[in-house]
Amino acid sequence: MNDKLQVARRWFLEECGVGLGSLALASMAQGATVPSAVNPLAPKAPHFKPKAKRVIFLFMAGAPSHLELFDNKPQLAKFDGTLPPAELLKGYRAAFINPNSKLLGPKFPFQRYGQSGAELSSLLPHLSTVVDDIAIVKSMATDAFNHAPGQILMNTGSMIFGRPSFGAWTTYGLGSEAQDLPAFVVFSTGKKGPSGGNSCWGSGFLPTVHQGVQFRASGDPVLYLSNPPGVDAELQRDSMDTISKLNRRRLEKSGDPEIATRISSYEMAFKMQSSAPDLMDISKEPKHVLDMYGAEPGKPSFANCLLLARRLAERGVRFVQIFHEAWDQHGSLVKDITQNCKDTDQACAALVKDLKQRGMLEDTLVVWGGEFGRTPMVQGGSDGRDHHPNAFTMWMAGGGIKPGLVMGETDELGFNVTKDRVHVHDLHATLLHLLGFDHTKLTYKSQGRNFRLTDVHGHVVEKLLA
Amino acid sequence: MKSIFLLVPLLLPAQKVDFVQDVQPILKKSCNGCHGAALQSGGLRLDGKVATFRGGVSGPALKPGSAKESVLYQRVMGMGEQARMPMGNKPLPAEQLEILERWINEGAVWPDGVGAASADIKKHWAFAAPKRPDIPAVSDPKWVRNPIDAFILAKLDKEQLKPSPEAAKATLLRRLSLDLTGLPPTWEEVQSFVRDKSKRAYEKQVDRLLASPHYGERWGRHWLDAARYADSDGYEKDKARSVWFYRDWVIEAHNRDLPYNQFLTEQLAGDLLPGATQSQKVATGFLRNSMINEEGGVDPEQFRMEAMYDRMDAIGKGMLGLTIQCAQCHNHKYDPLRQEEYYKLFAFLNNSHEANINVFTPAEQMQRAKVLNGIKEIEADLQHRHPDWAERMARWEQGLRNRTRWEVVKPEVDDISTGGQKYLMQGDSSMVASGYAPTKHRAKFTFTPQLAAVASIRLELLNDPNLPLGGPGRSIRGTGALTEFEVEVERSGQEKAEKVKVVRATADINPAERELEKIYQDKSNKKRVVGPIAFAIDGKDETAWTHDAGPVLRNMPRNAVFVLEKPIDLSDRRTKIHVYLKQNHGGWNSDDNQNHNLGRVRLSVSDDAQAEADPIPARVREALAIEAARRSPQQVQSIFSYWLTTVPEWADAQAKIQALWQEHPEGSTQLVLAERDDRRMTNVLERGDFLKPKQEVMPGVPAFLNPLPAGARGTRLDLAQWMTDRNAPTTARAFVNRVWQTYFGTGIVETSEDLGTQSAAPSHRELLDWLAVEFMESGWSMKKLHRMIVSSNTYRQVSELSPELLSRDPANRLLARGPRLRVEGEIVRDITLAASGLLNRQVGGPSVYPPAPEFLFQPPSSYGPKNWYEEKGANRYRRGLYTFRFRSVPYPVFTNFDTPNGDVSCVRRVRSNTPLQALTLLNEPLFLEAAKALGERAMQEGGKSDADRIRYVYRRTLSRDPEAVELDDLLSFLNRQRERKLGETQSWTALARVVLNLDETITKE
């Protein structure tokens, strides 16, 4: 082997501290091997032994009403049609309504389920079957009451654009175990994309390899994955080999390790061309699994994406995030939220069951929630609620989350948190903790200071830990 | 373990606190890390007596005898609004707080000689104005072509390294062309350079490339990163915006080598320069590249402040090279920048309108001059032919009837009725539409006037600098349409308000009926029209009043008067009037620019049942209000321009003028800043929260930087002067460092966004200072700076790495070799298009839409449906920097190659190397088109033999001939395809595709 290659390889090993495990050995046409350069996505150990190895984040964009789903408020029903107490509204700003609007009673009946006795509304019959596997946090709070800033806050820990997303931080901290798939995969399944746009899964100031890669539930899952018209598999393989051969000649001449990385990127791309379609083909799943999710091969749906999320998790993908933008019920609350739950409830419960059956729930963190909650006050006639940052509900499962937990309380109207408040920053601190990180130490230096997902805030919520 | 704590002597209340035993350990453990010899956050050190008592930027740390008045104690207690110390750590334990309290209250006795003797505050190198350093002596003076080489070689000497030899001419020209223009050289250019044996051969190439219009594109794009340029608003709606005039201004400013100090000045304050030109106003677009949030339910002021913070951030990173945004919420943790000083800088920018002006290309400007001069000529001709015009006009003026007296009302707006749009109340009781812009709504206004009876209601449409083209509407052309004007009266004690019929409506503009423009189509399949004011009271949802009478005229203030069937009796003082402005003539998609709303409205009432709309424009009314003898010639002319429209026998001239107006170019729009007349107050905001204003501040600059120039009045122009002063410590350094970074991959200071105390140590500090001084003293010429750098021997070295260099200096900070770097995303594709011959080299113009997957712009991928009009003509092959940039849906090819999306200012791009890049180059449609074009071109123009054609492909793509082995590799690849019966065109396409995918193709070597 060429002298420069030897040196380049030694340099990776010594200077970059990468073990053999992270060297993708690409098989070349002539049988020679070239080491990949430093792979920023090579698996890394976190600060301490993690409970969760991967995350599936079900982001319910638009902000679901906690009052119709999780937070049973009989008093709100009682005061339906009356004005809220004045002291409650001091300094309160609402997006659309005059805060001094009449209270609106909950639209659906609640019932207790499982050993935990968690209360759920009649909209969530499927979730009711897994309440003992999940933890419901009724005391979430955030700072934002407009969608884009709220979503950016929930996803990046800041209302200011330009910060890395939770998924990006996770792959920055842990790398990825998927050799031929992106480390951070994003689906969008709602009526539209999230208000925060691509920044919801951006890499901010982290290296761009950490940004989420958008997958589509139909067609090419990844952009530019398929060979273009006129290029068959044989030509693609031959082209790849010739590109690599010529790149290797250049590497021998110039000695720039970047070329070695380029060679391995092409090899990885070629592998992805076969592994990604295989991953997407859910028709190979047994019928009972498809039925459990309510998934139908070839018909893009939230259910399909959740099944795909499980398949991605199985293949070592570190972070899967599903954006389901559908929950902004300023009006038509009853009709729309009923439909949303029909679209999502079964698959969410199925994901928890499926992961559990496969023994994957232990180290897979599932998170469900939106960017804020909704007002106990009515918007419009009698069938809508405005944005509400003071209190909302999320649920989590697996990955070291305490199963069967119902945590936190809000006041009688579901307006303010009264017990065990969990701010977005606290949620992030806790999720990072489960991934094996001290959230104050997972940092990246940019613009003269160390940044972190939780900025200068956040406390691990011990109660949530199993 | 617990017992250890018991060994710590407990302080007994009677004992006096001992500094050495009790206090100093606390300071050492919890304070001196940031406030000590190594670091003096906030200019404060707490490791010595003198320094501590002197204090830092917040004043003396101690007031002996009173802990509560001592800054040190206040800060560790978390009193006041500043962050609690130690910052970012747990609060001090109660017993330590008590020790500090007692020590201070007991007089803060600090024995002499204890602690550090030095009280020096290290002045950070970058906070002093750069001085020209001596040029160092070097081992090989012959290698030194200019002082850059001396600084580089001196360091290499120290490291006992030798520079690399000069790169081959072809390599060098490709490097130079990519660096200066972002395009590879043609083979003819390479050949002519190789053949040129003259002494100035290289310099000639530098001159040629610096004079190329593509120089401005390449380096303009570099600036546009810092300027966070994008063609859309960002946030949820992410509507398209028109700002390409700014982009073209940046390109053009580079091409004419506008000195960098002026380049900054025009971007900060071009509108305030005497006799500001269109281009100088356009330059302030830099400040307007901030995102705009118009999602439903936003408080416009909140997001105006977000935009202000963004401007500050862009000025900090892009111009000052400082992280000033840290001081938005609190004093800067590391640099001596106080929060108050941040808001003083902020105050320079706060006094502005967010304006949107009509701009014209040079051709349009000529057309515009033709129209305006034509009108002037007709008017002059009338005056010439009718010398008695002045007397006639005076008689007309005397005959003007007494106008109706109007009572302006200040209505309450029903928030729900506005569909999320905010009507912001102004001092004159008018309301400006702001925030979310629904395409259909019926806004409800309620008021109780002073008048005893109301017989008529007037609606004024007014201009506002914050509306598109100044309004008076909110559409992209500053127009609006009034579908219906409806009135109700609500008498006290009555259950329901009752409708009041409007029997007559007049307006000062009544365009003929016409169909609604395409952009307002609402998919209802109904024929929707606009026209005269009668349409606003006809009870039909399909008709509306428009004030759009064509260019310029559409952006005048207008008024309409509505007479009620019978007067409303208001004598009980409790009766309320509701006015509804139904605005249903917008399009179907409120996430696009399809609103057709009124922009600034004011309502007045009168008891005059004969009231009519005033036909005389506001500007003419103003002139008429002035005593005739005191009117300026312009005022007289403006009265004349109106009056001539009332003279029956001048119908011919009127018609000609009307016809001329229709020839006025539409032009384009551009977001700019415009100064407000009344100064807006600036306050320090507690933790950056706009709802928590604290003390007021006036414009000012941080004390640790150069002082404001004498006579400064706090305008943006003063800010620009201050920033471009010869003694500004960071302005020139930050810029030359970024230019250096672009050439060599890493800046002399690696953290190019931050030259502050937390910045990375410079690799060649004296070189940076030398370059900064040279840059300023040679008239801030960017082209001279580029010439200096690319002329150096440092730049001309080969980029190949010896094994020794790889291990000694993997990041090439010492520059013992030339740079070898993958080019930026836009240039990746520019190279491909150039090599294939498809490239359209047109400079400037509106942004274009190369092929992109359509689904990206539609829900559920995008929040709202976006228009992506895929180019079918030559615009398909424009350079990457002209690709339309939606912030929320960035063009995926460029995203895959690390192009920032413009959410925030970016002065340092990441350079990644990923499988997605491979997939893009291999499979993206435009790259494939390029491969096909290159393959076909090789067959047609590349010569007869396969080898010649392969050479042709190499020359076009890599500016060199293939080596023998490479030729063999490609020949056998080609033959394998032929064996597979792939066909010639396809085989050559495949071969071109291979070459276009080489690492070398997208790399500056």
Side-chain angles (χ1 to χ4, degrees), chain A residues 3-4 7-8 11 15 93 95-98 146-148 161-162 188-195 197-199 207-209 213 222-228 230 234-235 238-239 242-243 245-247 249-250 253-256 258-259 261-262 265-266 268-269 272 325 380 387 447-449 456, chain B residues 88 235-236 238 293 295-298 323 333-334 415-416 420 751 753-754 756 758-759 799-801 803 806-807 810 820 853 859-864 887-890 892 898 901 903-904 910 912-915 917-920 923-924 928 965-966 969 973 976 986 990 993-994 997-1000:
Chain A
D3 180 42
K4 280 185 182 173
V7 174
W11 180 79
E15 300 298 317
R93 294 195 301 151
F96 289 86
I97 61 171
N98 177 347
N146 293 125
H147 294 295
F161 281 69
S188 186
T189 61
K191 291 184 218 159
K192 42 194 173 181
S195 297
N198 277 40
S199 304
T208 41
V209 293
V213 173
V222 186
L223 282 181
Y224 318 128
L225 185 73
S226 292
N227 294 343
E234 197 179 344
L235 176 56
D238 197 357
S239 303
T242 308
I243 292 165
K245 195 191 283 181
L246 291 166
N247 277 342
R249 294 198 190 282
R250 202 64 190 165
K253 190 165 157 38
S254 96
D256 185 350
E258 200 62 28
I259 307 179
T261 313
R262 181 80 51 209
S265 292
Y266 270 73
M268 192 94 102
M272 203 186 285
E325 170 90 43
H387 308 166
Q447 301 156 47
R449 74 169 174 103
V456 296
Chain B
Y235 291 107
E236 178 186 287
D238 197 27
N293 191 359
E295 74 171 79
V298 298
T323 57
K333 188 172 173 189
Y334 304 108
D415 285 337
I416 295 292
T751 52
E753 70 285 2
D754 178 24
Q758 289 298 291
S759 60
S799 62
E800 286 161 18
L801 282 90
L806 180 60
S807 58
R820 188 184 187 282
S861 185
S862 160
Y863 178 87
R887 284 184 156 113
S888 71
V889 187
D898 309 313
N901 70 350
D903 280 356
V904 293
V910 179
S912 70
N913 187 338
T914 65
Q917 291 174 2
L919 290 174
T920 307
N923 302 338
E924 195 270 341
L928 193 75
V965 283
E966 292 171 327
D969 290 343
F973 174 80
R976 282 199 299 277
Q986 265 191 297
R993 180 164 171 258
V994 164
N997 269 275
L998 296 182
D999 178 77
E1000 186 184 350

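Remember, it's a predicted structure, so these values are computed and weren't measured experimentally. Numbers restart at 1 for each chain; the letters A, B, ... are given by sequence-line order, proteins then strands.
Residues S254(A) and R820(B) approach most closely at OG-NE, 3.7 Å, considering heavy atoms. Across all their heavy atoms, Y863(B) and G193(A) have their closest contact at CD1-O, 3.0 Å. When all heavy atoms of P228(A) and L928(B) are compared, the pair lying nearest together is CB-CD2, 3.5 Å. Contact record, I416(B) with G380(A): CD1-N, 4.4 Å, taken as the closest heavy-atom pair.
Distance alone, capped at 3.5 Å, places no donor-acceptor pair between the E295(B) side chain and the S195(A) backbone. Of the possible donor and acceptor atoms, none in the side chain of S239(A) sits under 3.5 Å from a partner among the backbone N and O of V994(B). A donor-acceptor pair is defined here as one N or O able to donate and one able to accept, closer than 3.5 Å; such a pair exists between the side chain of N913(B) and the backbone of E258(A). Judged by distance alone, the side chain of D903(B) and the main-chain N or O of G162(A) form no donor-acceptor pair under 3.5 Å.
For a residue to count as touching a neighbouring chain, one of its non-hydrogen atoms must lie under 4.5 Å from one of that chain's; by this rule L998(B) touches chain A with backbone and side chain alike. Proximity to chain A (any heavy atom under 4.5 Å) is shown, for S759(B), by neither the backbone nor the side chain. If you measure heavy-atom distances from D238(B) to chain A, you find no contacts under 4.5 Å at all. Both the backbone and the side chain of T914(B) come within contact range of chain A, judged by heavy atoms closer than 4.5 Å.
For the residue pair N146(A) and Y235(B), no side-chain donor N or O sits within less than 3.5 Å of a side-chain acceptor on the partner.
In this structure, E924(B) has no salt bridge (Lys or Arg N to Asp or Glu O under 4.0 Å) partners at least two apart in sequence or on a different chain.
Contact count versus chain B (heavy atoms, under 4.5 Å) is highest, among L223(A), V213(A), N198(A), for N198(A).
Between R250(A) and D999(B) there is no salt bridge, since none of the side-chain N atoms of the basic residue sits less than 4.0 Å from a carboxylate O of the acidic one.
Under the 4.5 Å side-chain criterion, counting only non-hydrogen atoms from C-beta, L235(A) is not in contact with Q986(B). The shortest side-chain heavy-atom distance between N923(B) and L225(A) does not fall under the 4.5 Å cut-off.
Rounded to the nearest 0.5 Å, atoms CD1 (I97(A)) and CG (D415(B)) are 10.0 Å apart.
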